[in-house]
Amino acid sequence: MAVKIKLKRLGKIRSPHYRIVVADSRTRRDGRAIEEIGLYHPVQNPSRIEVDSERAQYWLSVGAQPTEPVLAILKLTGDWQKHKGLPAPAPLLVAEPKADKRAAFDEFAKALEGGEPKGEAITPKAKKTDKKADEAADAGESTESTA
């Protein structure tokens with residue numbers, strides 16, 4: 001049985017993401033897999049690549065052949081070089097963690113007021129009035145002015 005390390009496509013039409021799987025070479029692209037060993041999300045900036053290095057090394061050692069896209073991913077993560085005994089590549093880019101919105105708001109409020117914020121932003125709510133009562137009052141005013 002020939003075993004391949006390939007990409008299994010998931011996601012919507014213009015929002016693809018992939019799982020790196022080990023599967024029989026005769027199975028469909030998105031068919032049954034023996035094991036999932038990683039993730040690849042090409043749409044994110046920078047692309048999200050996660051590979052379980054230990055499992056990838058095991059499958060490469062027992063003869064699993066990576067497809068061309070997976071080979072490129074394994075070269076980026078350094079797993080292919082580790083398998084072949086070559087020097088490791090430069091580390092991958094990692095997305096910066098998102099800033100806390102509440103902390104950013106507090107900093108902005110301090111800069112404006114020069115001190116601590118006084119509380120929540122409060123805007124008085126518009127009073128909800130009964131539309132029928134308003135119409136009746138408007139109609140009553142218009143008849144009085146004509147009389």
Side-chain angles (χ1 to χ4, degrees), residues 3-24 27-61 64-146:
V3 177
K4 291 263 188 188
I5 303 174
K6 57 187 181 178
L7 295 176
K8 180 177 183 177
R9 190 182 196 280
L10 302 166
K12 295 186 273 187
I13 291 176
R14 288 175 188 83
S15 170
H17 56 276
Y18 301 90
R19 290 189 183 152
I20 301 170
V21 297
V22 178
D24 182 8
T27 60
R28 300 178 309 223
R29 177 191 69 180
D30 302 334
R32 184 174 168 193
I34 299 170
E35 183 180 358
E36 294 178 4
I37 60 170
L39 300 172
Y40 174 53
H41 295 260
V43 179
Q44 294 180 359
N45 190 14
S47 297
R48 179 177 171 201
I49 299 173
E50 294 177 17
V51 177
D52 184 358
S53 183
E54 185 179 309
R55 296 307 297 164
Q57 292 301 317
Y58 167 76
W59 283 108
L60 289 170
S61 69
Q65 295 297 311
T67 59
E68 287 185 22
V70 173
L71 181 61
I73 291 171
L74 292 177
K75 284 181 179 178
L76 285 175
T77 60
D79 292 317
W80 185 253
Q81 288 87 337
K82 190 174 181 182
H83 173 66
K84 291 292 185 179
L86 301 172
L92 290 174
L93 294 176
V94 179
E96 295 179 11
K98 293 185 178 181
D100 183 27
K101 290 183 180 182
R102 181 65 184 185
F105 172 77
D106 289 340
E107 282 182 31
F108 183 71
K110 283 181 186 178
L112 285 180
E113 297 175 10
E116 289 291 319
K118 295 177 183 174
E120 300 293 322
I122 300 174
T123 306
K125 288 186 176 180
K127 294 183 180 178
K128 290 186 179 180
T129 56
D130 191 12
K131 290 183 181 179
K132 291 181 182 178
D134 287 342
E135 291 173 5
D138 292 339
E141 290 175 9
S142 63
T143 55
E144 291 174 8
S145 62
T146 56

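All figures in this text were calculated on a predicted structure; none of them were measured in a lab.
In this structure, the side chain of T27 engages the main chain of D24 through a donor-acceptor pair within 3.5 Å.
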When the side chains of residues 33-41 are checked against the rest of the protein, which donor-acceptor pairs come out under 3.5 Å, sequence neighbours left out?
unit_1, atom_1, unit_2, atom_2, d
E35, OE1, R55, NE, 3.4
E35, OE1, R55, NH2, 3.1
E35, OE1, W59, NE1, 2.7
E35, OE2, R55, NE, 2.8
E36, OE2, R19, NH1, 3.3

Solution key, residues 73-83 side-chain donor-acceptor pairs under 3.5 Å, sequence neighbours excluded:
unit_1, atom_1, unit_2, atom_2, d
T77, OG1, I73, O, 3.4
T77, OG1, L74, O, 3.2
T77, OG1, D79, OD2, 3.0
D79, OD1, S53, OG, 2.6
Q81, NE2, K75, O, 3.3

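The two residues D30 and K8 make their nearest non-hydrogen contact at O-CE, 3.6 Å. In terms of heavy atoms, S47 sits closest to P42 at OG-O, 3.4 Å.
Taking CG of L60 as the reference point, atom CD1 of I5 lies at 4.5 Å (rounded to 0.5 Å). The structure places CG of D52 at 10.5 Å from CD of Q57, a figure rounded to the nearest 0.5 Å. Between the NZ atom in K12 and the CZ atom in R14 there is a gap of 11.5 Å [rounded to 0.5 Å].
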